[in-house]
Structures are given as C-alpha cells and as structure tokens.
Amino acid sequence: GQNIDQPTEMTATEGAIVQINCTYQTSGFNGLFWYQQHAGEAPTFLSYNVLDGLEEKGRFSSFLSRSKGYSYLLLKELQMKDSASYLCAVRDRSNYQLIWGAGTKLIIKP
Amino acid sequence: GAGVSQSPRYKVAKRGQDVALRCDPISGHVSLFWYQQALGQGPEFLTYFQNEAQLDKSGLPSDRFFAERPEGSVSTLKIQRTQQEDSAVYLCASSRGGQEIGTQYFGPGTRLLVL
C-alpha cells in the first residue's frame with residue numbers, strides 16, 4: 001500500500017531550529033515535495049527532492065534518503081509566521097499523482 | 001491575476017442539491033488536479049487533466065462526482081445529489097506539466113458544507 005507518515009504536531013520556540021520528519025512507503029518514487037499550508041489557506045510549494053542529499057533554500061532545507069524512505073524539512077531561525085502545517089508528498093510511479101501525508105502542525109511560541 | 005482562482009469560496013448546500021465548483025488555472029498550465037481535503041488531513045486526489053483530457057479519475061469517490069475541462073483551461077467539478085459526507089474543502093491545482101508536474105500551484109479552495 002501507499003503510506004506517508006509524519007508527526008501530527010510539533011512545538012518550537014521563535015528563533016530556534018526545528019526538524020520535521022517524513023517516512024514513506026509507496027509503489028514507486030519520482031520525487032518528494034514539501035508544502036506549507038497556513039490555516040484556511042491553500043498549500044504552497046516549499047521544496048522538491050529527487051536525489052539523495054540536502055537541498056537548501058534560505059531558512060528552509062529538505063533532505064532525502066531514498067534507501068531509507070525518509071525525508072526531513074529543517075526550518076531555521078523560526079519566525080511566528082512559520083506557524084502552519086507542513087505537508088510531505090511523494091510523486092509515485094504515475095509521474096503525476098502526489099501521495100500526501102496528513103501534515104505536521106507546527107506551533108511556534110515566543 | 002497570476003494565481004489559481006476558485007469559485008465560490010464557500011458553498012452551503014442542502015442534502016440532495018447539485019453543486020458546481022469552478023477552477024481557473026494559471027494561464028498556460030497544461031496539468032490540472034482536483035483534491036478533496038478534510039480538516040486536519042492532507043489533500044486526497046480526485047482527478048487529473050492534461051489539457052482537456054481527463055487522464056485519471058480514479059479518486060472520484062462515487063459516480064455523483066463529475067469533472068470536466070472542455071477547452072483545456074477552466075475546469076468544473078460537479079457533485080450531484082450532495083451528501084453530508086461530501087462536506088470538505090475542494091482544492092484545485094495546476095502545473096506546467098512534464099518534469100515540473102509535481103510543483104503544483106493551488107487555488108484557495110471551495111469550502112463545501114452540506115446540511
């Protein structure tokens with residue numbers, strides 16, 4: 001079956017660093033995506049990994065290990081506006097369909 | 001506008017009523033997706049269009065759900081004889097396709113409440 005696992009909720013402090021993990025078991029793999037979704041809003045694209053390793057984009061970095069079926073999203077210098085849900089999604093063998101995790105709700109405290 | 005737009009933003013329907021949800025994708029985007037998102041969950045795939053062709057409708061939950069994109073641009077998701085379990089946010093997303101197909105741009109969604 002297809003399965004994407006990520007923690008339901010995490011709490012972190014403003015200015016700190018947080019790592020959100022995602023593990024996946026899918027019938028195929030054609031890339032892993034991270035999206036950010038603020039409450040009541042649409043998901044917005046953050047990052048894309050298709051090869052193993054770390055992709056850095058400003059305060060956000062995403063890591064992928066295909067052999068372990070594992071990814072993480074690293075957020076540095078947390079700001080209050082980073083409070084949102086972070087969704088992990090895997091593109092399967094169809095090459096167009098994204099299999100989505102339920103999202104990790106990140107709460108930032110002052 | 002440059003983004004994906006959806007209308008209406010909110011819809012309250014009585015059980016048994018038919019509804020139509022509209023999506024205007026980003027101009028030039030060949031790929032269009034419809035998703036259903038329940039509270040606290042990730043989006044669930046409903047259907048996928050490449051231009052005007054509906055290539056995958058495997059996620060549509062029942063034959064009450066129907067989607068079209070007749071001219072390869074605007075798309076409509078129609079739900080007939082709505083049921084309470086249809087209450088959810090319906091998201092539309094578009095992408096350039098090809099290698100960029102996974103980079104999807106989402107509209108604000110239509111929140112459907114069936115009473």
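Lettering follows sequence order; numbering is per chain, from 1.
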Around atom CD of Glu85(B), are there more than 12 heavy atoms from other residues, nucleotides or ligands closer than 6.0 Å? yes
Quick check on Leu39(B): does its CG atom have over 12 non-hydrogen neighbours (other residues, nucleotides or ligands) under 6.0 Å away? no
Is it true that [X] and [Y] fall in one hydrophobic cluster, defined by side-chain heavy atoms closer than 4.5 Å?
| X | Y | value |
| --- | --- | --- |
| Phe33(A) | Leu64(A) | no |
| Leu106(A) | Phe60(A) | yes |
| Val50(A) | Leu46(A) | no |
| Val30(B) | Phe45(B) | no |
| Phe65(B) | Leu112(B) | yes |

With 3.5 Å as the limit, can you list every donor-acceptor pair between chain B and chain A, backbone and side chains included?
residue, atom, partner, partner atom, Å
Gln37(B), OE1, Gln37(A), NE2, 3.0
Gln37(B), NE2, Gln37(A), OE1, 3.0
Asp56(B), OD2, Tyr96(A), OH, 2.5
Asp56(B), OD2, Gln97(A), NE2, 3.4
Gly102(B), O, Tyr35(A), OH, 2.9
Gln104(B), N, Tyr35(A), OH, 2.7
Gln104(B), O, Tyr35(A), OH, 3.3

For Pro43(B) and Leu87(A), work out which heavy atoms get closest and say how close. CD-CD1, 4.2 Å
Heavy-atom nearest pair, Ala42(A) first then Phe106(B), reads CB-CB, 3.6 Å
Compare all side-chain heavy atoms of Leu91(B) with those of Pro43(A) and state whether any distance is below 4.5 angstrom. yes
